[in-house]
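Before any comments, here is the structure.
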Amino acid sequence: MTPQQLSALKTDINAPGNAAALSGAISTRDGSFIANFYNAAASPVFLVFKTLLGKHDITESSSLDPDGTTARAFDWASPGGYIARSQGERDAFREIFNATDSCRPDLLGVRAGFDDIFSGSGVGAVANRNHIKNVSRRSASRVEKLLATGGNGAAATPATAGFVGPLSGQDVLDALDAS
């Protein structure tokens with residue numbers, strides 16, 4: 001963790017609401033207990049972009065829109081879907097994925113690339129943009145939420161994880177000792 005992250009964690013540990021919940025662990029320097037507290041899921045749900053997404057996660061999975069009512073899957077053949085894209089767009093789709101068939105949707109350029117590749121109003125283009133957005137985000141832990149940057153954690157504006165957990169007991173002790 002960076003010195004700034006350690007400082008932010010220390011401040012949060014000592015914030016009134018958290019200090020009350022963690023008082024015994026703070027006084028005994030129980031880093032593992034405090035780490036478990038911060039490794040729990042953020043509540044309410046706070047979304048961040050994944051730092052790794054496999055090509056098959058996009059092409060072979062289904063996803064739910066944030067409202068939980070519309071199921072999505074990668075659209076190969078509808079108007080605007082993958083097959084209907086230009087050769088340049090299909091080449092760009094393949095190039096987004098490195099030799100490990102994965103990409104980093106937490107990078108703005110990768111997200112913009114997907115939006116450009118599947119631009120337009122065809123049903124397949126819209127479906128693919130929505131599906132890729134859905135599979136590109138995940139729920140954050142408390143510490144990931146604390147150290148996130150960018151978006152507000154909502155489905156439409158996930159944040160970028162400034163730290164990807166889990167937090168260790170030693171991280172907590174380092175934070176408590178930070179100036």
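None of the values given here were measured: they were computed from a predicted structure.
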Donor-acceptor pair, distance only, cut-off 3.5 Å: does the side chain of [X] make one with the backbone of [Y]?
X: Gln5; Y: Leu147; result: no
X: Asp75; Y: Ala77; result: yes
X: Arg111; Y: Arg104; result: no
X: Asn39; Y: Ala35; result: yes
X: Arg129; Y: Ile117; result: no
X: Asp91; Y: Gly88; result: no
X: Ser78; Y: Gly81; result: no
X: Lys50; Y: Ser136; result: no

For a quick test of reading the model, state the closest non-hydrogen atom pair linking [X] to [Y] and the distance between them.
X: Ala178; Y: Lys10; answer: O-NZ, 2.5 Å
X: Ser139; Y: Val45; answer: OG-CG1, 3.6 Å
X: Ser61; Y: Val135; answer: OG-CG1, 3.8 Å

Open item on the list: Let's go through Arg72 and Ser63 carefully: what are the C-alpha distance in whole Å and the side-chain angles of both, what is the deciding distance for side chain to side chain contact (heavy atoms under 4.5 Å, CB included) to 0.1 Å, and is it a yes or a no?
Closed with: CA-CA 5 Å; Arg72 302 275 180 196; Ser63 65; 3.4 Å; yes
Task: CA sep, side-chain torsions, deciding dist, call: Thr160, Leu108, side chain to side chain contact (heavy atoms under 4.5 Å, CB included) - done: CA-CA 10 Å; Thr160 299; Leu108 180 59; over 6 Å; no
Euclidean distance, [Y] [atom2] relative to [X] [atom1], rounded to 0.5 Å:
X: Asp174; Y: Met1; atom1: CG; atom2: CE; value: 9.0 Å
X: Leu9; Y: Arg142; atom1: CG; atom2: CZ; value: 12.5 Å
X: Asn18; Y: Ile34; atom1: CG; atom2: CD1; value: 10.0 Å
X: Leu6; Y: Ile13; atom1: CG; atom2: CD1; value: 9.5 Å
X: Asn14; Y: Ser23; atom1: CG; atom2: OG; value: 11.0 Å
X: Phe118; Y: His131; atom1: CZ; atom2: NE2; value: 10.0 Å

TODO: Could you walk me through whether Phe114 and Ile58 pass side chain to side chain contact (heavy atoms under 4.5 Å, CB included), step by step?
DONE: CA-CA 11 Å; Phe114 283 130; Ile58 294 172; 3.8 Å; yes
Task: Transitive ILVMFWY side-chain link Leu107 to Ile96, under 4.5 Å - done: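 Same cluster: Leu107 reaches Ile96 through Ile, Leu, Val, Met, Phe, Trp or Tyr contacts under 4.5 Å.
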TODO: Group every Ile, Leu, Val, Met, Phe, Trp and Tyr by side-chain heavy-atom contacts under 4.5 Å, then state whether Phe163 and Leu176 land in the same group.
DONE: yes
TODO: Please work out whether the ring planes of Trp76 and Tyr82 are parallel, tilted or perpendicular, with thresholds of 30° and 60°.
DONE: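 Rings of Trp76 and Tyr82: perpendicular, as their planes differ by over 60°.
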- [ ] In sequence, state the C-alpha distance, the side-chain angles, and the governing distance for Thr100 and Asn98, and then conclude on side-chain hydrogen bond (donor to acceptor under 3.5 Å, both in side chains).
- [x] CA-CA 5 Å; Thr100 62; Asn98 60 30; 2.4 Å; yes
Can [X] and [Y] be counted as having a side-chain donor-acceptor contact under 3.5 angstrom?
X: Tyr38; Y: Asp12; value: yes
X: Ser7; Y: Gln4; value: no
X: Thr51; Y: Asp106; value: no

Task: Test applied, side chain to side chain contact (heavy atoms under 4.5 Å, CB included); reference residue, Val143; option that passes from Asp171, Leu167, Val172 - done: Leu167
Task: Ring centre gap for Phe93 and Phe74 strictly below 6.0 Å - done: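 Under 6.0 Å, so yes.
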Open item on the list: Any non-hydrogen side-chain atom of Val48 less than 4.5 Å from a side-chain atom of Pro158?
Closed with: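 A side-chain contact under 4.5 Å is absent here.
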Task: Heavy-atom check, side chain of Leu53 versus side chain of Ser102, under 4.5 Å - done: no
Task: N-O pairing of Arg29 and Asp177 below 4.0 Å - done: yes
Open item on the list: Looking at Arg94 and Glu89, is there a salt bridge between them, counting it only when a charged N and a carboxylate O are closer than 4.0 Å?
Closed with: no
- [ ] Take atom CD of Glu95 as the centre, draw a 6.0 Å sphere, and report whether it contains more than 12 heavy atoms from other residues, nucleotides or ligands.
- [x] no
Task: CZ/Phe37: more than 12 non-hydrogen atoms of other groups inside 6.0 Å - done: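 Atom CZ in Phe37 is packed in, count exceeds 12.
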Task: Chi angles and distances behind the side chain to side chain contact (heavy atoms under 4.5 Å, CB included) call for Arg138, Leu47 - done: CA-CA 5 Å; Arg138 64 172 179 82; Leu47 298 174; 5.9 Å; no
Task: Ser119/Asp116 under side-chain hydrogen bond (donor to acceptor under 3.5 Å, both in side chains): CA gap, chis, key distance, verdict - done: CA-CA 5 Å; Ser119 61; Asp116 286 345; over 6 Å; no
